[in-house]
Amino acid sequence: MDAKRKVSIIGTGSYVPEKVLTNQDLEHIVETSDEWIYSRTGMRERHIAADDQAASDLGAEAAKKALEDAGVTADQIDLIIVATLSPDMFFPSTACFVQEKIGAKNAFCFDLGAACSGFLYALDNAKNQIAAGAINTALVIGSEKMSTFVDWEDRGTCILFGDGAGAAVLQAGAEGRGLMNAVMGSDGSLADLLWTPGGGSRNPISHEMIDEKQHYLKMQGREVFKHAVKRMGDTVVQALEKNEISVDDVNCFIPHQANVRIIDAISRRLGVADRMYSNVEKYANTSSAALAIALDEAVKDGTISKGDLVVLTVFGGGFTWGANVLEWGK
Ligand code: COA
């Protein structure tokens with residue numbers, strides 16, 4: 001097979017759980033206000049999964065919509081990657097649970113851990129496998145039940161996150177350029193600025209660990225904010241250079257949906273406020289699902305159409321970050 005096949009996204013889908021938690025609702029949970037949350041983050045509400053919904057349930061719903069959109073049957077999928085930091089359990093992978101739920105019996109499946117950057121990392125991984133000729137069709141999902149991993153007594157974090165999932169189907173044979181060359185990076189020296197320190201092999205489950213709330217997400221918000229703005233801005237510039245595309249030629253920028261002030265700062269730096277996509281107001285930060293949901297919505301609401309150049313960029317715990325450019329082919 002051709003070692004450099006072009007690869008495109010041929011279908012997208014997303015799913016958010018029914019229950020909506022507004023900023024006003026949060027006023028009854030922690031000491032906060034709609035005014036504080038909206039002015040600091042641009043968020044108005046987020047969706048919260050039901051007790052019996054795990055990451056694979058959300059992911060499977062998004063996947064079914066993406067398959068329908070792509071006109072692909074579940075048995076045509078060769079690979080499922082689920083990007084998540086809130087897996088159903090440590091093992092088996094959430095991707096295996098999604099496989100079972102959608103009946104993708106011919107797929108091999110694994111989870112990818114890059115925190116909020118996971119969906120972009122997974123897209124690039126699947127794209128490269130298709131481009132190399134190893135597989136033909138991949139299903140890439142970002143799915144999170146963040147509500148189980150935040151401390152609902154910590155107003156500095158619990159207001160920021162929501163649950164949801166997004167999915168994309170990738171196949172060889174792009175019209176136009178399809179998915180281009182990604183730029184990705186990581187810096188493990190800054191891991192402790194955004195992490196969940198307990199529950200793994202470093203700090204295993206114990207009564208003491210739970211009493212200390214080490215199994216919840218911890219964050220130094222101001223530091224994370226600064227790094228997110230710098231890394232996403234820098235990486236977009238690098239990805240454009242790598243693909244020899246001018247910022248003026250881009251029709252739509254879709255950044256990680258963590259905070260509208262982060263998005264605005266990147267817009268100002270790049271001078272692209274008129275082409276920047278955001279839905280953080282409705283969903284808050286759904287971690288690895290955020291980019292996937294935003295991409296699906298931008299396609300479905302007509303923001304992106306055939307032939308458009310789209311830049312995706314992400315930032316998350318690790319730290320991890322990345323950007324990619326694609327020409328929308330549908
Ligand atoms: N409601 C009301 N007050 C709150 C609050 C809340 N939900 N959360 C924090 N505060 C208070 C703090 O206690 C602090 O009070 P103090 O000055 O009396 O100590 C004050 O508000 C300012 O806190 P600070 O953390 O400095 O606010 P900030 O302007 O940096 O905004 C974030 C906080 C979290 C919104 C902001 O730092 C942020 O968005 N960071 C990036 C987070 C992120 O995107 N993470 C995921 C990346 S993938």
Side-chain angles (χ1 to χ4, degrees), residues 21-46 83-86 112-122 142-144 146-147 149-164 166 184-188 190-197 216-236 254-267 276 278-281 283-294 312-323:
L21 186 73
T22 64
N23 291 350
Q24 284 81 6
D25 295 330
L26 280 165
E27 290 173 1
H28 302 291
I29 299 174
V30 286
E31 199 183 330
T32 190
S33 65
D34 174 47
E35 195 282 325
W36 193 96
I37 299 172
Y38 188 68
S39 64
R40 297 285 203 303
T41 70
M43 297 166 187
R44 288 280 190 210
E45 57 190 38
R46 67 282 299 135
T84 185
L85 60 75
S86 50
L112 187 150
C116 298
S117 303
F119 184 71
L120 189 141
Y121 277 45
S143 185
E144 302 286 7
M146 297 302 290
S147 57
F149 291 93
V150 294
D151 177 357
W152 288 99
E153 293 180 347
D154 175 12
R155 67 179 183 172
T157 53
C158 74
I159 57 134
L160 296 172
F161 295 95
D163 301 336
M184 292 173 288
S186 307
D187 183 353
L190 301 171
D192 63 350
L193 296 179
L194 178 57
W195 66 358
T196 300
Y216 288 134
L217 182 149
K218 313 278 179 199
M219 182 179 68
Q220 295 186 34
R222 281 199 178 176
E223 283 304 304
V224 172
F225 191 105
K226 282 188 275 180
H227 285 280
V229 170
K230 176 158 174 36
R231 289 301 187 187
M232 283 195 276
D234 287 352
T235 312
V236 166
I254 308 183
H256 175 47
Q257 303 290 311
N259 182 325
V260 82
R261 285 163 54 224
I262 294 176
I263 295 172
D264 287 347
I266 300 167
S267 293
M276 188 62 90
S278 175
N279 61 12
V280 72
E281 183 169 343
Y283 305 120
N285 182 350
T286 56
S287 186
S288 66
L291 179 65
I293 295 172
L312 312 175
T313 184
V314 286
F315 179 84
F319 285 150
T320 53
W321 59 86

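Remember, it's 1-based here, ligands and their atoms both numbered in the order they're listed.
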side-chain contact (heavy atoms from CB on, under 4.5 Å) assessment of W321 paired with H256
CA-CA 10 Å; W321 59 86; H256 175 47; over 6 Å; no
Out of K226, M43, H256, R40, whose heavy atom sits nearest atom 29 (O) of ligand 1?
R40
S33 versus ligand 1: do any nitrogen or oxygen atoms come within less than 3.5 Å of each other?
no
Select the closest option to atom 35 (C) of ligand 1 among L217, T320, T41, V280, judged by heavy-atom distance.
T41
Distance under 4.0 Å to a non-hydrogen atom of R222: what atoms of ligand 1 satisfy this?
24 (P), 26 (O), 30 (O), 37 (O)
Which option out of F161, W321, W36 puts a heavy atom nearest to atom 3 (N) of ligand 1?
W36
For atom 11 (C) of ligand 1, the closest protein heavy atom turns out to be R155 NH2, 3.6 Å
Using modelled atom types only, decide if a donor and an acceptor are shared between the side chain of T235 and the backbone of M232 within a distance under 3.5 Å.
no
When rounded to the nearest 0.5 angstrom, what is the spacing between CG in L26 and CH2 in W152?
6.0 Å
Walk me through whether I159 and E27 qualify under side-chain contact (heavy atoms from CB on, under 4.5 Å).
CA-CA 10 Å; I159 57 134; E27 290 173 1; over 6 Å; no
Counting only non-hydrogen atoms of the protein, does one fall under 4.0 Å from atom 18 (O) of ligand 1?
no
Could you walk me through whether C116 and S288 pass the side-chain contact (heavy atoms from CB on, under 4.5 Å) check?
CA-CA 4 Å; C116 298; S288 66; 5.9 Å; no
For N259 and ligand 1, answer yes if some heavy atom of the residue is under 4.0 Å from a ligand atom, otherwise no.
yes
Looking only at non-hydrogen atoms, find the nearest pair between V280 and A258 and report the distance.
CG2-C, 4.2 Å
Non-hydrogen protein atom less than 4.0 angstrom from atom 25 (O) of ligand 1:
no
Counting each atom of ligand 1 from 1 as listed, which ones have a heavy atom of E31 under 4.0 Å away?
1 (N), 2 (C)
Name the option, out of V224, T157, D34, N23, that contains the heavy atom nearest to atom 47 (C) of ligand 1.
V224
Could you tell me whether atom 14 (C) of ligand 1 has a protein heavy atom closer than 4.0 Å?
no
Which atoms of ligand 1 sit under 4.0 Å from any heavy atom of F315?
48 (S)
When distances are taken from atom 45 (N) of ligand 1, the protein heavy atom at minimum range is M219 SD, 3.2 Å
Polar contact flag, side-chain donor to acceptor under 3.5 angstrom, T286-E144
no
Consider every N or O of I159 and every N or O of ligand 1, then say whether any pair is closer than 3.5 Å.
no
Hey, does the side chain of N259 reach the backbone of R40 with a donor-acceptor pair shorter than 3.5 angstrom?
yes
Against heavy atoms of C116, which atoms of ligand 1 measure under 4.0 Å?
48 (S)
Under 4.0 angstrom from ligand 1, any heavy atom of G156?
yes
For atom 44 (O) of ligand 1, what is the closest protein heavy atom, and at what distance to 0.1 Å?
A258 CB, 3.4 Å
Would you say the side chain of Q257 lies within less than 4.5 Å of the side chain of N279, judging by non-hydrogen atoms?
yes
If you scan protein heavy atoms around atom 40 (N) of ligand 1, the nearest is G221 O, 2.9 Å
Considering residues, nucleotides and ligands other than K230, do more than 12 of their heavy atoms fall under 6.0 Å from its NZ?
no
Near E153 CD, under 6.0 Å, is it more than 12 heavy atoms from other residues, nucleotides or ligands?
no
Rounded to the nearest 0.5 Å, the CE atom of M43 sits from the CD1 atom of I37 at a distance of 9.0 Å
Do any nitrogen or oxygen atoms of N285 come within less than 3.5 Å of a nitrogen or oxygen of ligand 1?
no
Would you say L190 and E223 make side-chain contact, with heavy atoms under 4.5 Å?
no
Determine if the distance from atom 32 (C) of ligand 1 to the closest protein heavy atom is below 4.0 Å.
no
Please evaluate residues H227 and F319 with respect to the criterion side-chain contact (heavy atoms from CB on, under 4.5 Å), reporting the C-alpha separation (whole Å), side-chain torsions for both, the decisive distance (0.1 Å), and the verdict.
CA-CA 9 Å; H227 285 280; F319 285 150; 3.5 Å; yes
In ligand 1, which numbered atoms sit nearer than 4.0 Å to a non-hydrogen atom of I262?
44 (O)
Could you see which bit of T32 sits under 4.0 Å from ligand 1, with heavy atoms only: side chain, backbone, both or neither?
both
